[in-house]
Protein chains: 2
Amino acid sequence: MKTLGDTLKEARDGINLILRKVSAEVDIDQSLISKFEKNERKPTKEQLIRLADFYNLSHKDLIISWYSEKIAEDLKYSESTSEILKVAEEKINYYKTHNNGK
Amino acid sequence: MKTLGDTLKEARDGINLILRKVSAEVDIDQSLISKFEKNERKPTKEQLIRLADFYNLSHKDLIISWYSEKIAEDLKYSESTSEILKVAEEKINYYKTHNNGK
DNA sequence: AAGTTTTAGACAATATTTGTCCAAATATAA
DNA sequence: TTATATTTGGACAAATATTGTCTAAAACTT
C-alpha cells in the first residue's frame, strides 16, 4: 500500500535531488521533509501543496492521500469502520446539497 | 438528518431529567452537556460512553455518530470526498488484515 | 577517512481542545 | 406579573496536541 511518504520520496528520487535542495526550494526544514517521506510527520495542507507544485504532482491525488491517511489513522483501532464511513458520506452529501458548495 | 446532539437531547427528554441532574450523574458540567445537545461541542469518547451508559443508548450507534460527524466536519469543504472515503476504507482494511486486530 | 546526506530526538513556540465558571436568557410555576 | 428554575453563551485558564527548528548521530558516498 503506497503511502504519501512513498509518493514524496519517489518524486524526489525521480529528479535526484537531496533534501537540502528541496528544502531550500519549498522552504520547509529538511528534517521535516525527511519525516514526511518516512511517514513520521504529516505535512500541513500548505506544505503538501508546495511540495506537489515543486514535484509536479497532482494536487488532487496528494490531497486524497493526505485525508485518507488521516481518517485511516483515526479509525485504525475502531470497530464498525465501514458503517462509520458510510454514515460520514451521507452526512457530507446532506451537508453539500443543503448548503450548496460552501 | 439526526445529529448526535439530537440523540442526546431526545434521550434526556425521554426520561425527563434536567441538565443539573444528568450532570451530577455522569459528572460532566451541565453547560457542556447543553453544548453537546446543541452540537456546539463534541464530547470526548469517554464522556460519550458515560452518557450512553446513563441514557441506555447503544455504544455502537453513538460511536458511529461521533466519528462520522468528526469526519464529515473535516471533509465538508473538501473536493473528492467520496474518493477520499473510498481510499480511507481501503487503507483501513489493508491495515486491519495486515496487523490483524491491533 | 573525509565529506555529504539523512535521520532521530529534544525542545520551544503555537494552536487546539477541554473543563469550569458565571451571568444572561429563556422557560416554568405561582 | 413576579418568582424560581433551567438552559445557554461566552470568557477564560488549564491541559493537550501540533508544528517548526536545531543539533548531532547515523548512514551513505567518494
Side-chain angles (χ1 to χ4, degrees), chain A residues 3-55 62-63 65-78 88, chain B residues 3-55 62-63 65-78 88:
Chain A
T3 66
L4 178 58
D6 292 339
T7 303
L8 294 173
K9 180 71 161 60
E10 278 169 22
R12 186 165 66 87
D13 287 348
I15 56 179
N16 244 61
L17 279 184
I18 64 176
L19 288 171
R20 186 163 50 75
K21 296 284 185 187
V22 180
S23 170
E25 291 291 337
V26 298
D27 192 39
I28 301 172
D29 190 282
Q30 64 175 34
S31 168
L32 265 190
I33 301 176
S34 163
K35 290 177 174 76
F36 297 159
E37 293 180 355
K38 311 184 82 229
N39 299 300
E40 289 173 1
R41 288 263 188 123
K42 215 168 251 323
T44 65
K45 247 198 266 187
E46 285 68 28
Q47 290 169 332
L48 190 62
I49 296 310
R50 271 185 277 151
L51 289 165
D53 287 342
F54 180 70
Y55 290 136
L62 288 199
I63 288 286
S65 211
W66 188 81
Y67 269 123
S68 64
E69 284 186 9
K70 196 143 83 93
I71 293 169
E73 188 60 33
D74 260 14
L75 295 186
K76 214 157 48 171
Y77 301 130
S78 177
Chain B
T3 67
L4 179 57
D6 293 338
T7 304
L8 293 174
K9 180 70 163 60
E10 278 170 20
R12 186 165 66 87
D13 286 348
I15 56 178
N16 245 62
L17 278 183
I18 65 176
L19 287 170
R20 187 163 48 77
K21 295 285 186 186
V22 178
S23 170
E25 290 291 337
V26 299
D27 192 38
I28 302 172
D29 189 282
Q30 64 175 35
S31 169
L32 266 189
I33 301 175
S34 163
K35 291 175 175 79
F36 298 158
E37 293 179 355
K38 313 185 81 228
N39 299 299
E40 289 172 2
R41 287 266 187 119
K42 215 167 254 324
T44 64
K45 246 198 269 187
E46 285 68 28
Q47 290 169 333
L48 190 63
I49 297 309
R50 271 185 277 150
L51 288 165
D53 287 341
F54 180 69
Y55 290 136
L62 289 198
I63 288 286
S65 211
W66 188 83
Y67 269 122
S68 63
E69 285 186 9
K70 196 145 83 95
I71 294 169
E73 187 60 33
D74 260 15
L75 296 186
K76 213 156 52 171
Y77 301 130
S78 177

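Only a predicted model underlies this, so the values are computations on that prediction, with no experimental measurement involved. In what follows, chains are A, B, ... by sequence order, proteins preceding strands, each numbered from 1.
Under the rule for a side-chain contact (heavy atoms from CB on, under 4.5 Å), the partners of E73(B) that lie at least two apart in sequence or sit in another chain are K76(B). Listed by chain and residue number, L8(A), K9(A), R12(A), L19(A), I33(A), Y55(A) satisfy the side-chain contact (heavy atoms from CB on, under 4.5 Å) test with E37(A) (two or more places apart in sequence, or in another chain). Here S31(A) pairs with K35(A) under the side chain to side chain donor-acceptor pair (under 3.5 Å) rule; sequence neighbours left out. Remark: E69(A) pairs with K42(A) by the side chain to side chain donor-acceptor pair (under 3.5 Å) rule, at least two apart or across chains. With sequence neighbours excluded, the residues forming a side chain to side chain donor-acceptor pair (under 3.5 Å) with T3(A) are D6(A), N39(A), listed by chain and number. Applying the side chain to side chain donor-acceptor pair (under 3.5 Å) criterion to E25(B), with sequence neighbours excluded, gives no partner residue. By the salt bridge (Lys or Arg N to Asp or Glu O under 4.0 Å) test, K38(B) is found to be paired with E40(B), residues two or more places apart in sequence or in another chain being considered.
With hydrogens and angles ignored, the 3.5 Å screen pairs no side-chain donor or acceptor of R41(A) with any backbone N or O of L32(A).
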List the steps and the verdict of side chain to side chain contact (heavy atoms under 4.5 Å, CB included) for I71(A) and L75(B). CA-CA 10 Å; I71(A) 293 169; L75(B) 296 186; 4.0 Å; yes

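The nearest pair of heavy atoms linking F36(A) to L51(A) is CD1-CD1, 4.0 Å.
Near DNA chain C, meaning a heavy atom under 4.0 Å away, the residues from residues 12-24 of chain A are R12(A), I18(A), L19(A), R20(A).
The nucleotide range of DNA chain C contacted by chain B, defined by atoms under 4.0 angstrom from heavy atoms of the protein and reported 5' to 3', is dT18(C) to dC21(C).
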In the 5'-to-3' direction, what one-character label does each nucleotide of nucleotides 16-26 of chain D receive under the scheme B = base within less than 4.0 Å of a protein heavy atom, S = sugar-phosphate only, - = no such atom? ---BBBB----

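Using a 4.5 Å heavy-atom cutoff, the side chains of I28(B) and F54(B) are not in contact.
If you take NZ of K38(B) and P of dT7(D), they are 12 Å apart, rounded to a whole angstrom.
When the local axes at the two ends of the helix from dA1(C)-dT30(D) to dA30(C)-dT1(D) are compared, using 5 base pairs at each end, they differ in direction by 30° after rounding to 10°.
With rounding to the nearest 0.5 angstrom, the OG atom of S68(B) is 8.5 Å from the CG atom of L4(B).
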